[in-house]
Number of protein chains: 2
Amino acid sequence: MAARLGVVSVVQAVIRSLRARIFSGELAPGTPLAEVDVAAQYEVARPTAKAALENLVASGLLTRNAHQTARVTLLSARDALDIYRTRAIIEAEAVRLLAALREVPSEAREANAEITELVGASPIDIIDPDIRFHAALVQALGSRRTSAIYAQLTDEIRLCMTHVQDATLLSTKDIAAEHARLLQLISEGETAAAAKVLEEHLRTASNKLAEHLESL
Amino acid sequence: MAARLGVVSVVQAVIRSLRARIFSGELAPGTPLAEVDVAAQYEVARPTAKAALENLVASGLLTRNAHQTARVTLLSARDALDIYRTRAIIEAEAVRLLAALREVPSEAREANAEITELVGASPIDIIDPDIRFHAALVQALGSRRTSAIYAQLTDEIRLCMTHVQDATLLSTKDIAAEHARLLQLISEGETAAAAKVLEEHLRTASNKLAEHLESL
DNA sequence: AATACGGAAATTGTCTTACAAGTACACATG
DNA sequence: CATGTGTACTTGTAAGACAATTTCCGTATT
């Protein structure tokens, strides 16, 4: 049950901290993270810092070439479109299965309820429930590997969000409404229609996102 | 252009060698790989061996718990079904796109021609062209991340193959015939039928595979 | 003045050594 | 025979050092 403790290993702890700082926006895209600096900041040995950085590079959160210092990944518009296209493949399949079973995951319903309550809040606050909503759909597939792959994508999706930061790309109300419509189609067993709504939902979101990234 | 050289870094070289040995069957599933042993074999420092092992653990080729020596992953029947289910999601989407464009990737056609020529050969020899056939379909999606994810899955697929080793699960002739039928449906623009054939192709393969793994 | 060359600084890649911490297995003991 | 303990083995982390590579800046040349 070590997973419930905050620290499993020093490397893991550093990884967690860096991830949190990246997602919070404290470490903005492009920020350099040298091994010695990270080691000094956390008071750990350089190999430890190195291992943490390599892990984050593998996740796509950091980018680095050989003999160059790692930097927080700066995603392009092309990247955003690619990420959303990939997630759409997985989520569409999940939605088709759920619709075939006419099974609406309770976590998805709860996450969307949370979004509905946050109509006036900052767009940053809806990132978390929004991600939980979509993750709940994928989770329903019940595939360990599909979920793992989607979790990886989720990291990059969150990174996308930090790029746009406070920019309001879509209204909270619209998002909640589209989610609700999707859940309704699932409950009605409309597999094709549900998949179509999801794909359209992701397409409009990624277009807005790409448009915003292009303007940077 | 360092990628064309055999050695980019020592860690990478060790990773490559271990991967090859795992896929060749020299390192059978369950084989323990202690850090000190790997370091001694390749005459590298333990941290270097450690980094290589950690990379392979991340790929799923090796398995290890904290403070325990890594072992070549032993896949269960459940794992095989999960792997094939996940790859089916991605490949089905690729096939649907290709059929919509009526575009048959030349690499897929060439890979299947290679399989056809190997009707009498050992089942091990068709692993490579078979994997290339399926990879060509996914490559056609033109998505960097989808391809990367599929490449990861490919590692586990190859690992599956080493588990069954010489066991003839499906006849080479049948495989080539199903591939040919799939390509034909793609060229005819039969999106739904092509996807269905692919899913059936993967389902029968994974069932045979799972059945065989269950009996171990 | 612009460009090419050369060198110094910074950073990563790897190795060596060392010790701490955890796990597993055998052994002794009740 | 079951249980607890201790030891050997393995991994986790640290500290220091040197090699290799890249980047950047200053200098010299055209």
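Letters A, B, ... are given to chains in the order of the sequence lines, protein chains preceding strands, and every chain is numbered from 1.
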Exercise. Does A/Gln68 have a side-chain nitrogen or oxygen under 4.0 Å from the phosphate oxygens OP1 or OP2 of C/dT12?
Worked result: no
Problem set entry | Separation of D/dC24 P from A/His67 NE2 (nearest whole Å) | 16 Å
For this session: Check the surroundings of atom CD in A/Glu26: do more than 12 heavy atoms from other residues, nucleotides or ligands lie under 6.0 Å from it?
Result: yes
Seminar exercise, completed: From CD of B/Glu54 across to P of D/dG12 the rounded distance in Å is 7 Å
Exercise. About how many Å separate CG of B/Asn207 and CG of B/Leu81, when rounded to the nearest 0.5 Å?
Worked result: 6.5 Å
Problem set entry | Nearest-nucleotide comparison on DNA chain D, the residue closer to the 5′ end among B/Pro47 and B/Leu33 | B/Leu33
For this session: Report the distance from atom CD of A/Glu35 to atom P of D/dT21, rounded to the nearest whole Å.
Result: 17 Å
Exercise. Between B/Thr48 and C/dG13, is there a side-chain N or O to OP1/OP2 distance below 4.0 Å?
Worked result: no
For this session: Return the value, rounded to whole Å, for the distance between atom CZ of B/Arg71 and atom P of D/dT10.
Result: 11 Å
Problem set entry | Phosphate OP1/OP2 of C/dG13: any A/Arg64 side-chain N/O under 4.0 Å | yes
Exercise. A/Leu62 CG to C/dT12 C1': how many Å, rounded?
Worked result: 15 Å
Problem set entry | OP1 or OP2 of C/dG13 under 4.0 Å from side-chain N/O of A/Lys50 | yes
Problem set entry | CZ (A/Arg78) with more than 12 external heavy atoms under 6.0 Å | no
Exercise. A/Thr69 side chain N/O closer than 4.0 Å to the phosphate oxygens (OP1, OP2) of C/dA10?
Worked result: no
Problem set entry | Length of the line joining B/Asn55:CG and C/dT14:C1', which is rounded to integer Å | 17 Å
Exercise. What nucleic acid atoms does B/Arg46 come within less than 4.0 Å of, heavy atoms only: base, sugar-phosphate, or nothing?
Worked result: base
Exercise. Would the number of heavy atoms belonging to other residues, nucleotides or ligands and lying under 6.0 Å from CD of B/Gln12 be above 12?
Worked result: yes
